[in-house]
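Below: one structure, written as structure tokens.
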Amino acid sequence: MNLNLLEECRDAERIGISGHVRPDGDCVGACLGLWQYLSKSFPHAEVKVFLERPADIFREIKGFEEICSDFPQEAPFDVFFVLDAAADRLGDGVKYVETAAKSINIDHHISNQGSCMLNEIRPDVGSTCEIIYDLMEPERLDKDMAMAVYIGMIHDTGVFQYSNTTPATLEKAAKLISYGFDFPGLIQETFYQKTYVQAQIMGRTLMESIRFLEGNCIVSAIDRKSMEFYHAEPKDLDGIVNQLRNIEGIECAIFMYETGVLEYKVSLRSGEKVNVAEVAAYFGGGGHARAAGCTLSGTFHDCVNNLSLHIEKQLKRWEAEHDQRDNDDF
Ligand code: 5GP
Ligand code: MN
């Protein structure tokens with residue numbers, strides 16, 4: 001399907017946009033990029049964005065101050081967009097989808113089966129922002145929109161490093177930076193830069209990490225007491241799991257933080273041997289082959305044991321397939 005954004009919104013007086021809980025760069029960029037595009041294309045329509053308060057690093061994106069984070073009661077929307085997730089990951093925003101005259105889901109998660117009336121789900125595309133860019137009429141694009149969708153692209157591709165980066169991604173990125181926003185500053189300030197506290201937490205979790213499955217896997221966790229000690233919020237933990245995955249020999253990295261009594265939010269990252277989307281999906285979560293997440297109940301050790309069983313199975317499957325292929329070569 002090829003969604004026509006302007007056609008779908010043509011007669012709408014009220015348009016709503018939302019993305020997943022704990023919004024990341026792709027989610028914020030996609031919501032604000034689309035917000036800008038629709039606000040500019042339909043100046044007489046009311047266009048609103050509903051998102052949990054994003055990290056301050058995204059404050060430079062036009063529309064950041066317009067984000068509504070208290071999810072008030074609203075009259076039904078004519079069109080409501082669900083971006084970078086299925087509707088069940090919107091948190092309080094899901095109520096707007098249920099009452100909207102038309103709902104539209106735009107996402108790139110392989111675990112998303114399509115949760116709205118219209119669904120544009122492209123698991124082969126590296127970021128929701130890249131899909132949003134594809135759906136925009138190029139002549140309507142401006143510097144602020146270019147910056148918004150560029151942020152999503154850099155965040156979900158790890159600054160064009162992950163295997164979800166395609167030649168097409170880079171061609172689009174090339175067009176985007178031609179609008180002249182400060183892309184080196186944006187990459188530094190939204191992707192690499194950490195606050196002192198964030199760096200301390202990262203250091204501590206790296207120090208306390210444990211390798212298992214013959215050094216192929218690594219896990220680290222942070223409990224609620226430590227979160228309180230550092231006055232840290234979940235968004236202060238971004239990047240830790242990637243750092244664990246960067247360690248030599250690691251095929252699968254797990255980072256967990258305690259969200260309640262015997263409850264952990266789990267982030268998974270992997271190389272080619274483990275499909276973490278499958279692991280997360282088994283536990284009711286989702287994501288991509290190389291980056292996924294879920295919520296687990298139990299003690300730290302229960303969680304690691306449960307995850308470990310699935311990861312080990314995948315490592316063995318990969319090794320068996322590769323032994324087979326090596327034999328086939330002879
Ligand atoms: P992160 O580890 O950065 O929170 O998430 C990695 C990827 O997995 C992201 O694309 C994110 O949307 C997805 N993800 C993380 N947690 C969950 C979850 O609980 N459910 C689903 N469906 N996706 C998740
Ligand atoms: Mn995304």
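Residue indices begin at 1 and follow the sequence shown. Counting convention: from 1, in listed order, for ligands and their atoms alike. Just so it is clear, the values below take in all heavy atoms, side chains as well, and ignore hydrogens, waters and symmetry mates.
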At less than 4.0 angstrom from any non-hydrogen atom of His109, what atoms of ligand 1 do you find? 9 (C), 10 (O), 11 (C), 12 (O)
At less than 4.0 angstrom from any non-hydrogen atom of Ser267, what atoms of ligand 1 do you find? 1 (P), 2 (O), 4 (O)
I want to know if ligand 1 touches Asp84 in the polar sense, i.e. an N/O pair below 3.5 angstrom. no
Could you tell me the residue and atom name of the protein heavy atom closest to atom 6 (C) of ligand 1, and the distance to it rounded to 0.1 Å? Arg269 NH1, 3.7 Å
Would you tell me whether His155 and Ser127 have side-chain atoms, one donor and one acceptor, within less than 3.5 Å of each other? no
What residue and heavy atom of the protein are closest to atom 14 (N) of ligand 1, and at what distance? Gly286 O, 3.5 Å
Ser163 and Arg290: side-chain donor and acceptor closer than 3.5 Å? no
Please tell me whether His310 and Phe283 form a close aromatic pair, meaning their ring centres lie under 6.0 Å apart. yes
Determine whether any heavy atom of Lys265 lies closer than 4.0 Å to an atom of ligand 1. yes
Should the heavy atoms of other residues, nucleotides or ligands under 6.0 Å from CD1 of Ile110 be counted, would the total exceed 12? no
Under 2.8 Å from the Mn ion (ligand 2), which protein N/O/S atoms are there? Asp26 OD2, Asp84 OD1, His108 NE2, Asp156 OD2
Between Glu312 and Lys316, does at least one N-O distance fall below 4.0 Å, as a salt bridge requires? yes
Could you label the plane-to-plane angle of the Phe77 and Phe80 rings as parallel, tilted or perpendicular, counting under 30° as parallel and over 60° as perpendicular? tilted
Atoms of ligand 1 under 4.0 Å from any heavy atom of Gly287, numbered from 1 in the order shown, are 8 (O), 13 (C), 23 (N)
Matching residue for Glu120 among Ile131, Leu5, Asn105 - test: side chain to side chain contact (heavy atoms under 4.5 Å, CB included): Ile131
Note: with side-chain heavy atoms under 4.5 Å as the link, the other cluster members for Phe255 come out as Val197, Ile201, Met202, Leu206, Ile218, Ile222, Met227, Phe229, Tyr230, Leu237, Ile240, Val241, Leu244, Ile247, Ile250, Tyr257
May I ask you to decide if Asn275's main-chain N or O and Gln314's side chain share a donor-acceptor pair within less than 3.5 Å? yes
What is the closest protein heavy atom to atom 12 (O) of ligand 1, and at what distance does it sit? Arg89 NH1, 2.9 Å
Quick one: look up the protein heavy atom nearest atom 8 (O) of ligand 1 and list residue, atom name and how far away it is. Ala292 CA, 3.3 Å
Starting from atom 17 (C) of ligand 1, which protein heavy atom do you reach first, and at what distance in Å? Gly293 O, 3.3 Å
Taking 4.0 angstrom as the limit and counting only heavy atoms of His288, give me the atoms of ligand 1 inside it, by number and element. 10 (O)
Around atom 7 (C) of ligand 1, find the nearest protein heavy atom and jot down its residue, atom name and distance. Ala291 O, 3.5 Å
For the pair Glu233 and Arg53, find out whether any cationic side-chain nitrogen is under 4.0 Å from an anionic carboxylate oxygen. no
Are a donor atom and an acceptor atom from the side chains of Asp156 and His108 found within less than 3.5 Å of each other? yes
Please tell me whether Ser308 and Asn305 have a donor and an acceptor in their side chains that are separated by less than 3.5 angstrom. no
